[in-house]
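Below: the structure, in structure tokens.
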Protein chains: 2
Amino acid sequence: MMAKLQKSIDKRNALINATIALVNNAGFHATPMSKIAKLANVSPATIYLYFENKQDLVNKTYIDVKAQYTAYAFKGYEESMSVEEGFEHIWKRIADFKLNASESAMFLSQCDNTPIIDEPSLQEGIKHLQPLLDLWKRGKDEGIIKPISDYLLYAYAINPLSFLMMAQKRGSFKLDEKQIEEAYEAAWSSIKK
Amino acid sequence: MMAKLQKSIDKRNALINATIALVNNAGFHATPMSKIAKLANVSPATIYLYFENKQDLVNKTYIDVKAQYTAYAFKGYEESMSVEEGFEHIWKRIADFKLNASESAMFLSQCDNTPIIDEPSLQEGIKHLQPLLDLWKRGKDEGIIKPISDYLLYAYAINPLSFLMMAQKRGSFKLDEKQIEEAYEAAWSSIKK
DNA sequence: CAAATAAAAGTGAATGTTCATTCTTTTTTA
DNA sequence: TAAAAAAGAATGAACATTCACTTTTATTTG
């Protein structure tokens, strides 16, 4: 029983990882189930033991990766931190994720900019961002952060990292330690009061 | 002769517009040529009189839209403007484009975050951004703009507009006059020295 | 200038391939 | 030895592209 379940989780993960890699390379609709199966070392038919169909596979992959992303982002963050301290912590965790788990980050970026994921799954993925919104609320109340909409805050403080990650992935430039610092500085400038 | 050429351009434009609309809706690979043809009111076979194949159609569409975008962005900008004046002008033109030509803007966003456009066409599209890079160079030389990489400047000053446009398109929030002002303020804060 | 003809543009229906999904059989696990 | 998991091959639909034909436009010629 234990062994069986273990094996299943491995296979499921293999399928999810194969999906991420191949969708990054060619896009969702240009990636055949047969290739995903091959990369995950299973038969195409096996995919249907773990997922309902192709759409379900990509939805579940999205939700999985989004959960990893936010778990990573908030690791080590404590509500007891000051607003600026907390923001810097979360921001740098996110930067770290985009650099070190860039396959996952690219996948999310593709999903968030195309119609491949269905609406319920997108909603599902948004939920986990609450701690950041709470932090911003606190910052606004304390008069430290500009009193503007959360969308604007996200657009200026967090989203630029996606752009930089894509640029780096395309090989146009390198996000090193120094540039991360400069980016953080720009992010904070744009939202602090 | 004149009439013939005119007619051809109309048809080409119809095909490009159909491509934009349908790719926004379903993604590139999920959009059959037959649907593009139907929306453009031509036979599927006719597409191949204007474009080599499906990839060529989407590449050319991308280059076309990118050219419209940059032409719009730099309209009215003069090198004689001050750095801040020039930046505000260009920034607001871009904001305007993302709001009013949101179909085109969404299409670009999708292309820039997925592997549907081939590398040469992406390069082709970047070229037109030169005036903005020149302005930034001037700003750095005059000590008005932070001396950081152009990618960082773009990521913080310009790219957030894409995120906001997508959020608006998804119906999550409304980018009105007031929020545009706040967004401009955030953009300028993040890059000014 | 009009009739005749050549050339170009456009079409709807085939073609052949690719691929998601299912079916039947085999292997593994309990 | 029964049930679950997995496999490979089969199925049928969807689709990019091509083909053979028609219509429109341009050019030539009497």
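Letters go in sequence order (proteins before strands), and every chain restarts at 1. Both backbone and side-chain heavy atoms feed into the values below; hydrogens, waters and symmetry mates do not.
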The nucleotide from D:dA6, C:dG12, D:dA7 with an atom nearest the side chain of B:Ala45 is C:dG12
Between D:dA16 atom C1' and B:Asp56 atom CG, what is the distance in whole Å?
-> 14 Å
Look at the side-chain N and O atoms of A:Ser34 and state whether any lies under 4.0 Å from the OP1 or OP2 oxygen of C:dC19.
-> no
Interatomic distance where CZ belongs to A:Phe51 and C1' belongs to C:dT21 [whole Å] = 16 Å
Whole-Å distance between D:dA4 P and A:Lys11 NZ?
-> 17 Å
Which class fits the ring pair B:Phe173 and A:Tyr151: parallel under 30°, tilted 30 to 60°, perpendicular over 60°?
-> parallel
Short N-O contact, B:Glu142 and B:Lys137, less than 4.0 angstrom = no
Classify the side chain of B:Ser43 and the base of C:dG12 as holding, or not holding, a donor-acceptor pair under 3.5 Å.
-> yes
Roughly how many Å is it from CE in B:Met33 to P in C:dT15, rounded to a whole number?
-> 20 Å
Protein-nucleotide distance (B:Arg12, atom CZ; C:dG10, atom C1'), rounded to Å | 18 Å
Verify the contact: side-chain N or O of B:Tyr48 to OP1 or OP2 of C:dA9, cut-off strictly under 4.0 Å; return yes or no.
-> no
Determine the interplanar angle of the A:Tyr184 and A:Trp188 rings, folded into 0 to 90°, and report it as parallel if under 30°, tilted if 30 to 60°, perpendicular if over 60°.
-> parallel
Specify the separation, in whole Å, of atom CD of A:Gln55 and atom C1' of C:dA20.
-> 13 Å
In whole angstroms, the gap separating C1' of C:dT21 from CD of A:Glu52 amounts to 13 Å
Atom NZ of B:Lys54 to atom P of D:dT17: distance rounded to whole Å?
-> 8 Å
A:Tyr156 and B:Tyr156: aromatic ring centres closer than 6.0 Å?
-> no
